Amino acid sequence: MTTTPVVTRFAPSPTGFLHIGGARTALFNWLFARANGGKFLLRIEDTDRARSTPEATEAIFAGLKWLGLDWDDEAVSQFERIERHAEVAQELLAKGAAYKCFSTQEEIAQYRETAKDEGRSTVFRSPWRDATDLPDAPYVVRLRAPRDGETVVEDVVQGRVAWKNETLDDLILLRSDGTPTYMLAVVVDDHDMGVTHVIRGDDHLTNAARQVLILDAMEWSRPTYAHIPLIHGEDGAKFSKRHGAPGVEDYRDMGYPAEAMRNYLARLSWSHGDEEFFTTEQAIEWFGLDTISKGAARFDFKKLDNLSGQHLRAMDDVELTELLTDYMALQQMPVPNQDTRAKLTVAMPALKDRAKKIPDLLEMGHYLLTARPIEMDEKAAAQINDVSRGMLERLTVRLRNANWSHNDLEAAIKAFAGEEELKLGKVMQPMRSVLTGRSTSPSIFDVLVHLGREESLARIDDMLAAA
RNA sequence: GCGCCCUUCGUCUAGUGGUCUAGGACGUCGCCCUUUCACGGCGAAAACACGGGUUCGAGUCCCGUAGGGCGUACCA
């Protein structure tokens with residue numbers, strides 16, 4: 001027995017951006033290919049010229065790259081293969097497996113209407129299926145589909161799915177303008193590209209029945225099908241724009257690391273026991289079509305946030321600093337210089353401890369990214385009054401003589417609070433305001449150390465001078 | 001309308017006839033830690049859609065019902 005190498009593909013239509021559902025489909029295909037040492041191919045389904053744009057194609061490339069889903073070989077343009085699609089249609093015609101249908105769209109619509117009125121099946125039955133006397137008029141090429149028996153698709157996730165052939169119509173292969181339909185194009189392309197496993201959304205499950213008919217007519221072998229459930233929004237309806245963030249770039253912009261995104265998306269309708277948090281390497285090791293469930297999953301931002309935080313905390317500090325500066329560049333923010341980056345890396349353990357997304361890192365590390373004079377936000381400013389000002393003034397005197405280490409500073413400040421009979425928080429919060437301009441930040445002792453003696457004291461002096 | 005698919009805590013899921021008085025994770029609530037916010041630790045509430053079968057025994061198999069989804073184009 002020869003083992004044929006696995007070939008999967010992702011085949012999006014370039015009509016906008018990389019949809020979150022599409023991204024998950026791409027991820028499954030990628031994971032399966034990588035898990036089996038196979039190939040992951042990309043095909044752009046751009047045969048609908050009116051809706052396809054080069055920008056959308058670029059957006060899909062960008063989305064996949066950001067997610068880290070690298071594809072093998074050149075991306076295939078379906079549009080460029082229409083000659084080949086037509087060729088197959090001709091072959092089918094020659095074999096008698098397809099026929100020319102001269103019914104107009106109006107006639108078809110009429111047929112369906114009367115069928116509906118009479119309570120019959122609305123599946124169109126072309127009068128040209130067995131006609132011998134053909135007019136000289138525009139025609140479409142239809143598949144001569146079997147009318148008896150049933151068509152069965154063995155799907156690795158859905159199981160055995162069967163349709164009575166009488167419910168399937170003679171689908172159109174070539175339109176009256178000679179261009180191929182989607183049904184024909186997918187089948188031909190998948191075959192020519194050597195795709196062994198078709199992993200796609202279960203909105204294509206019904207299409208599989210008709211595609212299999214084309215395959216059979218051409219006497220081509222069938223790929224393994226895996227129709228995976230769709231991703232729904234938090235309200236249970238198909239994930240769309242009104243759910244807030246339909247495109248992968250939205251998640252990039254919100255500051256989720258790609259690794260967290262892969263982890264979260266992988267866990268939607270797929271699982272490996274109780275594993276929740278894992279690396280991409282582990283996902284590749286564990287992934288299998290047999291552990292995909294049939295039910296649609298709802299997208300849950302809360303869980304994504306949690307996973308994202310875990311990934312942030314697991315990341316290396318230098319790597320995280322890079323991720324942070326890349327994000328700042330992406331958001332058109334001034335990118336910190338080498339010196340500031342070094343400080344960010346040092347502070348990173350404290351910053352990442354309380355972050356879920358990259359912008360949280362930015363917020364936490366704000367004190368390192370801002371220069372004197374510090375601007376306080378509203379909550380921070382509320383901490384400053386005559387009492388806290390006086391307190392800080394007395395504290396500063398102590399600080400000037402303190403040894404500038406985390407432990408010594410902590411000891412000095414605690415001693416001060418004790419003498420003033422103040423709860424530590426009463427001392428810390430005003431300090432936080434003055435040093436960071438925020439009401440939340442890493443530990444003040446850390447902040448003092450990160451900032452250094454000179455900068456810390458200067459920030460306090462600024463405030464006192466402004467009084 | 002017709003066809004196909006789906007249905008375990010609020011959410012993601014484990015579960016492949018007995019070990020399920022149903023496990024984990026997120027979220028929620030409580031307690032602890034604590035200078036804020038987080039993180040972390042401990043604990044709690046919380047589900048087999050419903051009804052029939054099959055079986056000694058069903059979350060697990062079969063059939064209905066209900067609910068949801070997808071499809072039903074000379075779109076992809």
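Each chain gets a letter, A, B and so on, in the order the sequences are listed, and its residues count up from 1. These numbers come from a predicted model, not from an experiment.
In this structure, the CD1 atom of A:Ile108 is 15 Å from the P atom of B:U72, given to the nearest Å.
Under the Watson-Crick or G-U wobble criterion, with both distances below 3.5 Å, B:U65 is paired with B:A49. A 3.5 Å limit on both hydrogen-bonding distances identifies no Watson-Crick or G-U partner for B:A22. The partner of B:C42 is B:G30, by the rule that a Watson-Crick or G-U pair needs both atom distances under 3.5 Å. Nucleotide B:U35 has no partner under the Watson-Crick or G-U criteria, as no pair reaches both atom distances under 3.5 Å. The nucleotide B:C2 finds its pairing partner in B:G71, both defining distances of the Watson-Crick or G-U wobble pair being shorter than 3.5 Å.
Contact annotation for A:Val161: backbone-only contact, meaning every heavy-atom pair under 4.0 Å involves sugar-phosphate atoms and none involves a base. Within the 4.0 angstrom heavy-atom criterion, base atoms lie near A:Met183. Base engagement by A:Ser103 is indicated by at least one non-hydrogen atom pair under 4.0 Å involving a base atom. Among the protein residues, A:Ser176 comes within range of the nucleic acid bases, having at least one heavy atom under 4.0 Å from a base atom. Residue contacts shown for A:Thr15 are absent, as no nucleic acid heavy atom lies under 4.0 Å away. Residue-level contact check: A:Ala162 touches the backbone only, with heavy atoms under 4.0 Å from sugar-phosphate atoms and none from bases. Note on A:Gln78: only backbone sugar-phosphate atoms sit closer than 4.0 angstrom, heavy atoms only; bases stay farther off.
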Per-nt protein contacts along nucleotides 60-71 of chain B (heavy atom under 4.0 Å; B base, S backbone sugar-phosphate only, - none) come out as ---------SSS

With sugar-phosphate taken as primed atoms, P, OP1 and OP2 and all else as base, the protein-contact string of nucleotides 20-38 of chain B at under 4.0 Å (heavy atoms; B, S, -) is ---BBBSS-------BBBB

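Spacing between B:A14 and B:C48 at atom C1', rounded to whole Å, works out to 13 Å. Distance check on atom C1': B:G52 versus B:G10 gives 30 Å, rounded to whole Å. Atom C1' of B:U60 sits at a distance of 16 Å from the matching atom of B:U13, rounded to the whole Å. Across the P atoms, B:C39 and B:C26 are found 10 Å apart, a figure rounded to whole Å. Taking atom P in both B:C70 and B:C32, one finds a spacing of 48 Å when rounded to whole Å. Rounded to whole Å, the separation between the C1' atoms of B:U54 and B:G69 comes to 30 Å.
Checked by atom type and distance alone, the side chain of A:Arg24 never pairs as donor or acceptor with a backbone atom of A:Gly201 at under 3.5 Å. With hydrogens and angles ignored, the 3.5 Å screen pairs no side-chain donor or acceptor of A:Glu455 with any backbone N or O of A:Gly452.
Take the nearest nucleotide of RNA chain B for A:Arg160 and for A:Tyr182: the residue whose nucleotide is more 5' is A:Arg160.
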Working note: A:Thr179 + A:Asp177, criterion side-chain hydrogen bond (donor to acceptor under 3.5 Å, both in side chains); need CA distance, chi angles, decisive distance, verdict. CA-CA 6 Å; A:Thr179 59; A:Asp177 65 359; 2.7 Å; yes

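If you check the side chains of A:His85 and A:Asp189, you find a donor sitting under 3.5 Å from an acceptor. Side-chain atoms of A:Asn385 and A:Ser388 form a donor-acceptor pair, as typed in the model, at a separation below 3.5 Å. Side-chain atoms of A:Gln310 and A:Asn306 include a donor-acceptor pair closer than 3.5 Å.
For the segment residues 163-174 of chain A, residues with any heavy atom less than 4.0 angstrom from an atom of RNA chain B are, sorted by number, A:Trp163, A:Ile172.
Here the side chain of A:Arg112 is nearest to one of B:A73, B:A76, B:C12, namely B:A73. Here the side chain of A:Lys294 is nearest to one of B:C74, B:U13, B:C6, namely B:C6. Proximity note for A:Arg313 (side chain, C-beta onward) versus B:C39, B:C74, B:A76: the nearest is B:C39.
Separation of atoms CG (A:Leu457) and CG (A:Leu399) is listed at 6.0 Å; rounding is to 0.5 Å.
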